Amino acid sequence: MILSDADILRRLEAGDLVVEPLDDPDIQIQPASVDLRLGREFLEFQHANIPCIHPNAEAEVAEYVEETEVEEGGEYILHPGDFVLGTTHERVEIPDDLIAHVEGRSSLGRLAIVVHATAGLCDPGYEGQITLELSNLGTAPVALTPGMRISQLTFTELKTPADRPYGAERGSKYQGQTGPQASKIQGDREFGGDQ
Ligand SMILES: Nc1ccn([C@H]2C[C@H](O)[C@@H](COP(=O)(O)OP(=O)(O)OP(=O)(O)O)O2)c(=O)n1
């Protein structure tokens with residue numbers, strides 16, 4: 001079952017689902033989703049220096065991303081074909097019996113802005129800000145303003161709460177993240193391993 005606005009409000013009031021800060025619920029809570037705003041930090045890939053990324057080489061991933069912060073009132077220009085990591089302004093706490101999906105907003109989709117390349121799932125138990133995989137599929141640069149509503153979260157109720165929610169498990173690499181976080185795929189648990 002997907003939560004409606006009334007269900008979302010009930011869960012927020014009960015306090016087990018958290019989206020904060022929720023400065024204006026009238027604007028942010030949609031009929032069956034919550035709009036999330038763009039944060040000020042971005043992680044850019046240094047295209048010119050990248051011969052090839054080996055996902056398991058931590059040093060390589062760290063070397064190729066550079067953090068930049070947009071000043072108060074500033075904007076971030078996303079050029080055609082660009083791919084950067086952004087962050088939601090809000091942090092979320094997902095209870096063990098919900099799963100959240102990060103979705104784009106139609107108004108930005110119509111400008112060719114997408115907010116996740118492939119990964120759009122927030123696990124039961126996840127808490128932290130959400131890293132956005134931002135790209136511009138269009139032909140014109142688009143100015144993104146921190147604080148703008150950039151994405152929306154929908155919530156689906158599980159038939160039973162997760163037995164092993166995110167965060168309780170070893171290897172929950174993104175639990176508690178603040179700001180955009182680069183891939184930590186090198187921290188993947190090995191099959192049969194002990195990480
Ligand atoms: N666009 C997204 C999608 C997810 N997440 C957060 C919430 C998820 O609960 C967490 C982990 O997502 P995945 O399970 O898709 O990622 P991995 O499988 O790579 O990580 P792990 O091995 O930690 O499960 O990352 C995020 O910040 N931004």
Side-chain angles (χ1 to χ4, degrees), residues 2-3 8 11 16-22 28 33-45 53-58 60-62 64-65 67 69 76 78 82-106 108-109 113-137 144 146 148-158 161-195:
I2 295 175
L3 300 197
I8 293 171
R11 298 297 296 252
D16 58 343
L17 171 64
V18 174
V19 178
E20 62 180 16
L22 200 58
Q28 278 181 268
S33 63
V34 179
D35 280 351
L36 300 181
R37 292 166 288 178
L38 181 64
R40 282 166 52 188
E41 306 90 27
F42 296 86
L43 277 184
E44 296 172 334
F45 284 80
I53 294 175
H54 298 91
N56 282 330
E58 184 171 7
E60 274 184 12
V61 175
Y64 294 141
V65 292
E67 183 157 346
E69 189 168 330
Y76 185 88
L78 193 58
D82 259 6
F83 175 75
V84 297
L85 299 179
T87 180
T88 59
H89 174 60
E90 292 80 6
R91 68 177 282 282
V92 302
E93 286 176 27
I94 312 297
D96 296 354
D97 65 336
L98 294 183
I99 194 162
H101 287 93
V102 185
E103 310 278 0
R105 290 186 61 213
S106 175
L108 285 163
I113 298 299
V114 299
V115 301
H116 70 82
T118 61
L121 191 150
C122 292
D123 295 277
Y126 174 76
E127 63 100 354
Q129 286 173 303
I130 297 172
T131 293
L132 301 169
E133 303 152 6
L134 296 165
S135 47
N136 178 350
L137 303 180
L144 302 177
M148 74 191 291
R149 286 179 292 136
I150 187 94
S151 67
Q152 55 188 330
L153 263 194
T154 62
F155 304 95
T156 306
E157 204 166 77
L158 307 180
D163 266 352
R164 299 186 303 165
Y166 201 79
E169 277 292 277
R170 287 173 298 170
S172 300
K173 306 187 286 290
Y174 304 102
Q175 185 73 322
Q177 71 184 353
T178 54
Q181 295 297 318
S183 175
K184 298 183 179 176
I185 194 167
Q186 68 284 343
D188 268 0
R189 295 172 64 183
E190 300 295 335
F191 288 100
D194 154 67
Q195 226 175 357

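Just follow the structure's listing: the first ligand is 1, and inside any ligand the first atom is 1. Please read all numbers here as calculations on a predicted model, not as lab measurements.
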Legend entry - Any N or O of Gly171 closer than 3.5 Å to N or O of ligand 1: yes
Inset, instruction - Output yes when Asp97 and Arg11 qualify as a salt bridge under the 4.0 Å nitrogen-oxygen rule, no when they do not. - result: yes
Legend entry - Atom indices of ligand 1, in the order listed, that fall short of 4.0 Å to a heavy atom of Gln177: 26 (C), 27 (O)
Inset, instruction - Taking only heavy atoms of Cys122 into account, list the atoms of ligand 1 that are under 4.0 Å away from them. - result: 7 (C), 8 (C), 9 (O)
Legend entry - NZ/NE/NH1/NH2 to OD/OE distance under 4.0 Å, Arg105 and Glu103: no
Inset, instruction - Give a yes or no on whether the ring-centroid distance for Tyr64 and Phe45 is below 6.0 angstrom. - result: no
Legend entry - Closest to atom 1 (N) of ligand 1 (judged by heavy-atom distance), picking from Thr131, Ile94, Thr118: Thr131
Inset, instruction - Verify, without hydrogens or angle tests, whether Asp123 (side chain) and Tyr166 (backbone) share a donor-acceptor contact under 3.5 angstrom. - result: no
Inset, instruction - For atom 24 (O) of ligand 1, find the nearest protein heavy atom and state the residue, atom name and distance (0.1 Å precision). - result: Tyr166 CE1, 3.4 Å
Inset, instruction - Return yes or no for this condition: an N or O of Tyr174 is under 3.5 Å from an N or O of ligand 1. - result: no
Legend entry - Expected output: side-chain Glu90 to main-chain Val19 donor-acceptor under 3.5 Å: no
Inset, instruction - Find all atoms of ligand 1 within a distance of less than 4.0 Å from any non-hydrogen atom belonging to Ser172, and give their numbers and elements. - result: 23 (O)
Legend entry - atom 9 (O) of ligand 1: the protein heavy-atom neighbour that sits closest, reported with distance to 0.1 Å: Asp123 OD2, 2.6 Å
Inset, instruction - Might you check, step by step, whether the distance between atom 18 (O) of ligand 1 and some protein heavy atom is under 4.0 Å? - result: no
Inset, instruction - Would you indicate whether the side-chain heavy atoms of Val114 and Leu137 approach each other to under 4.5 Å? - result: yes
Inset, instruction - Answer with side chain, backbone, both or neither: which part of Gln181 has a heavy atom less than 4.0 angstrom from an atom of ligand 1? - result: neither
Legend entry - Contact partition for Leu121 relative to ligand 1, non-hydrogen atoms under 4.0 Å: backbone
Inset, instruction - Report yes if some heavy atom in the side chain of Ile150 is under 4.5 Å from a heavy atom in the side chain of Leu108; otherwise report no. - result: yes
Inset, instruction - Write out the residue and atom name of the closest protein heavy atom to atom 22 (O) of ligand 1, then the distance separating them to 0.1 Å. - result: Lys173 NZ, 2.4 Å
Inset, instruction - Compare all side-chain heavy atoms of Arg37 with those of Pro21 and state whether any distance is below 4.5 angstrom. - result: yes
